[in-house]
Protein chains: 2
Amino acid sequence: MPRRGPNNGGDKRDRILRAAVKIFSRNGFFNSKVSEIARASGVADGTIYLYFKNKDDLLISLFEEKMGEVVADVRRRLAAGGSAIDKLRIFIENHMDLLERESGLVEVIMVELRQSTKFLKDYTPVKFFEYLEVISDILEEGKREGAIRPDLNVSVARRAIFGALDELCLTYVLSGKRKYHPSVTAAEVCRLLLEGLCVPGADVGKG
Amino acid sequence: MPRRGPNNGGDKRDRILRAAVKIFSRNGFFNSKVSEIARASGVADGTIYLYFKNKDDLLISLFEEKMGEVVADVRRRLAAGGSAIDKLRIFIENHMDLLERESGLVEVIMVELRQSTKFLKDYTPVKFFEYLEVISDILEEGKREGAIRPDLNVSVARRAIFGALDELCLTYVLSGKRKYHPSVTAAEVCRLLLEGLCVPGADVGKG
DNA sequence: CTCCGATGAATGAATCTCCATTCACTCAAG
DNA sequence: CTTGAGTGAATGGAGATTCATTCATCGGAG
């Protein structure tokens with residue numbers, strides 16, 4: 001009884017997505033076979049095409065749906081309140097911590113999103129932009145509170161912050177997760193971003 | 001006379017590499033055909049295999065040799081002297097400026113290097129590490145001069161700096177080079193890195 | 001209640017396309 | 001004549017996608 005019948009339990013689509021995360025993160029999109037994903041999700045090759053238009057669509061759905069969960073989750077954590085600086089800290093810690101909770105997903109996003117954003121025609125990474133929005137929101141709030149420089153260019157800063165975190169996650173993953181534990185790194189980056197590289201009060205030659 | 005004969009002028013290998021940069025940056029590694037690169041470099045398909053072991057090797061050679069030139073070039077610019085802070089500024093401006101001078105190369109490195117570092121067995125991006133070394137050297141020098149916080153974790157900071165720059169370059173490229181001119185962005189990032197996000201003297205709640 | 005045809009989810013072998021790589025051959029130069 | 005760089009058509013393998021087929025389930029008829 002548990003094997004056949006239409007839409008056996010309704011979890012097939014999700015099983016496929018989860019398997020895709022695993023396979024894509026292990027081999028990369030181009031080196032992953034649809035048949036591998038089928039095997040890993042306990043489904044026939046053809047079944048994947050009942051739920052996704054094609055291999056590209058599988059990857060895009062993965063980005064949007066899983067990234068959507070990540071955005072919703074971090075928004076929930078931030079809603080708890082606190083100052084903008086607190087929130088930035090929470091955001092950063094949460095980002096680095098994703099590596100432990102959802103390492104496969106983070107790896108796929110880090111490594112494949114660029115490729116896809118650049119080469120897949122008519123794909124806009126909507127949920128990824130939302131993630132960047134979360135950073136903007138925090139920075140703007142910080143300005144209002146007077147904690148963050150009012151002349152900060154938020155749209156450059158949010159990219160810089162994301163880029164820094166992303167690169168550090170990548171380092172962690174590529175090192176076989178041996179160097180720089182996420183929580184240690186998070187603290188270090190927080191300080192770098194908040195205080196900068198210089199010794200307090202040093203003349204930096206503005207301009 | 002100019003068409004036939006062994007190693008016609010000795011520039012074939014370089015023509016192939018240059019064409020590869022163009023094609024890979026346009027289509028991505030996996031969507032590029034070896035025959036396209038052959039056509040673009042005015043060479044037969046088989047000729048490519050006289051100079052490179054296979055398609056992967058072509059990409060790796062491209063990374064190492066072109067990146068090597070980039071490293072040598074930035075080192076030359078930095079040798080001029082100045083304070084560590086000046087040098088960091090030069091480094092950042094140079095990095096962002098590469099997008100104008102060598103956009104194809106920068107795009108290939110940004111988009112393909114991650115894939116390759118992660119999935120190509122036994123490939124260590126030596127020249128890329130050297131590029132990171134350049135940042136470390138500047139930061140260490142800054143510590144010695146007393147301009148940079150002595151407790152800064154250099155190996156986290158250099159990755160964060162690279163990541164920030166890389167992401168900003170990517171944004172510029174993906175926006176069709178319409179948003180955030182490199183030189184403007186460079187100035188903004190410099191300030192972010194040197195002074196941080198906060199208003200001077202603000203309490204950040206260290207620890 | 002039982003039987004039967006309709007439905008459509010699921011399957012996975014077969015197909016179809018694509019492309020990296022090879023290699024038998026060409027020919028300029030020494 | 002010999003050498004070997006260069007060629008590009010042919011090959012072989014891979015893997016995305018298709019589709020004819022299977023079978024659990026369901027609803028209506030008897």
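Quick note on labels: first sequence line is chain A, next is B, and so on, each numbered from 1.
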**Report entry** Lys118(A) atom NZ, neighbour heavy-atom count above 12 within 6.0 Å
**Finding:** yes

Query raised in the report: Would Arg101(B) and Asp73(B) pass as an ion pair if we require N to O under 4.0 Å?
Result: yes

Query raised in the report: Honestly, is Lys12(B) close enough over Tyr51(B), meaning NZ or CZ under 6.0 Å from the six-membered ring centre and within 45° of the axis?
Result: no

How long is the line joining [atom1] of [X] and [atom2] of [N], in whole Å?
| X | N | atom1 | atom2 | result |
| --- | --- | --- | --- | --- |
| Lys12(A) | dG8(C) | NZ | P | 17 Å |
| Phe52(A) | dA16(D) | CZ | C1' | 16 Å |
| Arg15(B) | dT7(D) | CZ | C1' | 14 Å |
| Asn54(B) | dC19(C) | CG | P | 17 Å |
| Arg39(A) | dG15(D) | CZ | P | 11 Å |
| Lys53(A) | dA16(D) | NZ | C1' | 14 Å |
| Ile48(B) | dG6(D) | CD1 | C1' | 12 Å |
| Lys55(B) | dT21(C) | NZ | P | 8 Å |

Report summary line: Within residues 16-36 of chain A, the residues having a heavy atom closer than 4.0 Å to DNA chain C are none

Query raised in the report: Given Glu65(B), which of Lys127(B), Arg18(B), Arg13(B) fulfils the salt bridge (charged side-chain N to carboxylate O under 4.0 Å, His left out) condition?
Result: Arg13(B)

Report summary line: Between Leu152(B) and Ala157(B) the two heavy atoms that sit nearest each other are CD2-CB, 3.8 Å

Query raised in the report: What are the two closest heavy atoms between Gly104(B) and Ser25(B), and how far apart are they?
Result: O-CB, 3.5 Å

By nearest atom, which of the nucleotides [options] is closest to the [X] side chain?
| X | options | value |
| --- | --- | --- |
| Asp45(A) | dG6(D), dT11(C), dA13(C) | dA13(C) |
| Tyr49(B) | dT11(C), dT17(D), dT22(C) | dT22(C) |
| Tyr51(B) | dG6(D), dG12(C), dA9(C) | dG6(D) |

Query raised in the report: Parallel, tilted or perpendicular for Tyr131(B) and His95(B), by the 30°/60° rule?
Result: tilted

